[in-house]
Amino acid sequence: MGAAGRPRVVCLCGSLRFQSLFESERRRLTSRGVIVLGPEPIDEELTPPRREALGELHLRRIDMADEVRVVSEGGYVGEATRREIAYAREKGKVLSSMEPLAL
């Protein structure tokens with residue numbers, strides 16, 4: 001449980017190229033009573049304005065979270081994820097990752 005007896009909220013961040021890892025981590029955390037927020041794949045062309053809007057949407061997920069968990073494989077952390085990590089740090093969020101990263 002998180003603050004005030006409510007479930008902990010974790011926001012998953014990382015490249016959607018690791019979609020299967022996102023899904024397995026979402027299931028693992030949910031089975032432990034954690035509310036999981038994360039990006040969803042979009043089935044449309046991502047124009048620069050649309051990509052920017054979705055990036056801002058994800059920052060709002062981080063705002064709602066108690067913890068930000070980085071989903072990656074082989075140590076890959078892209079530019080957008082680095083920005084999200086920096087934002088989470090700025091907001092004082094707990095940071096964790098599925099694999100050792102230089103967070």
With S97 as reference, evaluate V70, V77, I85 under the side chain to side chain contact (heavy atoms under 4.5 Å, CB included) test and give the passing residue. V70

ILVMFWY network linking L12 to Y87, side-chain heavy atoms under 4.5 angstrom: no

Can you confirm whether more than 12 heavy atoms, excluding those of E90, are under 6.0 Å from its CD atom? yes

Output yes when a side-chain donor or acceptor of R32 lies under 3.5 Å from a complementary backbone atom of R28, and no otherwise. yes

For residues 39-55, which side-chain donor-acceptor pairs fall under 3.5 Å, sequence neighbours excluded?
{"unit_1": "E44", "atom_1": "OE2", "unit_2": "R50", "atom_2": "NE", "d": "3.1"}
{"unit_1": "T47", "atom_1": "OG1", "unit_2": "R50", "atom_2": "N", "d": "3.3"}

Please name all residues satisfying side chain to side chain donor-acceptor pair (under 3.5 Å) with S72, sequence neighbours left out, ordered by chain then number. E99

CD-CZ distance between Q19 and F22, expressed to the nearest 0.5 angstrom: 7.0 Å

Please name all residues satisfying side chain to side chain donor-acceptor pair (under 3.5 Å) with R69, sequence neighbours left out, ordered by chain then number. E25, S96

Restricting to side chain to side chain contact (heavy atoms under 4.5 Å, CB included), what partner residues turn up for E73, sequence neighbours left out? F18, L21

Please report the interatomic distance OG1(T30) to CD1(I35), rounded to the nearest 0.5 Å. 9.0 Å

Cluster partners of V94, using ILVMFWY side-chain heavy atoms under 4.5 angstrom, listed by chain and number? none

Drop me the distance from L37's CG to R26's CZ, to the nearest 0.5 angstrom. 8.5 Å

Measuring from atom SG of C11 to atom CZ of R60, what distance do you get when rounded to the nearest 0.5 angstrom? 11.0 Å

Tell me, please, which residues at least two apart from A88 pass side chain to side chain contact (heavy atoms under 4.5 Å, CB included). I62, V68, K93, L95

